[in-house]
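Please read the structure below before turning to the comments.
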Amino acid sequence: MKAITVTPGASGSLALKEVEEPVPKRGELLLRVLRVGVCGTDMDIVSGFYGQAPAGSPYLIIGHESLSRVERVGPGTRGFEEGDLVVPTVRRKCPEDCLNCRAGESDMCLTGHYREHGIKGLHGFASELSITDSSFVVKLPEALSEVGVLLEPLTIVEKGVGQAFLIQEARMKWKPKTALVLGSGPVGLLATALLRLRGLQVTTVARKPSDSLKAKLASLTGASYVDVGETPLSSMEDRFDLVFEATGSTSVALEAQNLSGTNGVVSFVGIYRSQAGTEDAGKVFTNLVLGNRVYFGSVNANLSYFREGVADLARIEKRFQGLLGRIITDKVPLSKWEEAYSPKSGDAVKTVLQF
Ligand code: BGC
């Protein structure tokens, strides 16, 4: 079968390879992959900055955002049938089976020895067939067959937003009214949609003009859109109950904490490049203390966020009709696979490889 592979650490090693078909073992599912989304993490793996091959394999099959159909159910596997539309989670527990992995929350793994499909120590889903442990797979209704590949990025938002609510509701009475979303990539737009669904007034800020597709998609949810080219973050006067940082830019992340209001919360989901700063650390910490603020980071998502994500994907599809389909701007057939991993035009949002 055909698979998109890299030699981790080697830039320029991206290739379409003929590899052996996987065979599902006890408790596993063999999946016929329909679509694979491409994100910043994939591009970091392609550039050789990130990624780890499975033990004993010279290459890593990439791809962690996926949508598949069950091709074959492994022995002893229950709850699935051939043809089910499914999405597997990305992370699998550590060999030590730490406290959190044991509790089904490998997204909170303590040892760091977890494995991630298509990223770290486990082959991914950018191949005609793939296998995974059936206890980490969710089923999707047929109505989501066109947009279900957006489930994995939505789960990043489910966790980042969900944990903000958990933290805030545990520490005080909290009735948030306003949210600021930084970034209008797929994660920023999905965060905008989810926060609108939760009833918040949302402002989405990005570096695109107000007549760009990303701005239009944010507005489609009823959010206000601000182009930082016209209104720099430092000039924004409003302060927000919840700030969701999805640009992955270090300087924007530093600004983010200034934009949360009294008792506010800031959720960070990017991977930030190191940048020696001139930021006044004393000011940052005093702002944190005097405003009872919380700044926290969130990575990955466990099965519970995937389950919530399926329900929310259906709600978003119903409430903001056309939004999800328009987030998928580039559908690339396998025959042109290299295009999926090449730089895109300014109006591109999510690229999806179709198997
Ligand atoms: C994936 C997460 C993963 C993270 C770090 C993200 O792109 O969506 O599932 O945990 O990268 O590897």
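Start at 1 and go down the list; that is how both ligands and their atoms are numbered. Residue numbers count from 1 along this sequence.
- Residues Arg69 and Glu142 are paired through a salt bridge, judged by an N-O separation under 4.0 Å between the basic side chain and the carboxylate.
- In the displayed structure, Lys344 atom NZ is contacted under 6.0 Å by more than 12 heavy atoms of other residues, nucleotides or ligands.
- Heavy-atom proximity to Arg91, at under 4.0 Å, picks out these atoms of ligand 1: 10 (O).
- Contact check on Arg273 versus Asp44 returns a salt bridge, with a Lys/Arg side-chain nitrogen under 4.0 Å from an Asp/Glu carboxylate oxygen.
- When heavy-atom distances to ligand 1 are checked against a 4.0 Å cut-off, Ile119 comes that close only through its side chain, counted from C-beta outward.
- Of all protein heavy atoms, the one lying nearest to atom 9 (O) of ligand 1 is Asn300 ND2, 2.8 Å.
- Scanning the protein for heavy atoms near atom 5 (C) of ligand 1, the closest one is Tyr50 OH, 3.3 Å.
- By the criterion of a heavy-atom distance under 4.0 Å, neither the backbone nor the side chain of Asp107 is placed next to ligand 1.
- Salt bridge status for Lys159 with Glu308: absent, with no side-chain N to carboxylate O gap under 4.0 Å.
- Considering Val161, Val187, Asn300, Val299 as possible partners of Val269, the one that fulfils the side chain to side chain contact (heavy atoms under 4.5 Å, CB included) test is Val187.
- Counting only heavy atoms of the protein, atom 12 (O) of ligand 1 lies nearest to Glu116 OE1, 2.6 Å.
- For His64, every heavy-atom contact with ligand 1 shorter than 4.0 Å involves the side chain, none the backbone.
- Distance from atom 11 (O) of ligand 1 to its nearest protein heavy atom, with residue and atom name: Thr41 OG1, 3.4 Å.
- The contact set between ligand 1 and Val90, taken as ligand atoms under 4.0 Å from a residue heavy atom, comprises 9 (O).
- The shortest non-hydrogen separation linking Leu259 to Leu180 is CD1-CD2, 3.6 Å.
- Of the protein's heavy atoms, Glu152 OE2, 2.7 Å lies nearest to atom 8 (O) of ligand 1.
- Judged by the 6.0 Å distance and 45° axis criteria, Arg198 is not positioned over the aromatic ring of Phe165.
- Residue contacts with ligand 1 for Ile271 are absent, since no atom lies close enough (heavy atoms, distance under 4.0 Å).
- With sequence neighbours excluded, no residue satisfies side-chain hydrogen bond (donor to acceptor under 3.5 Å, both in side chains) with Asp97.
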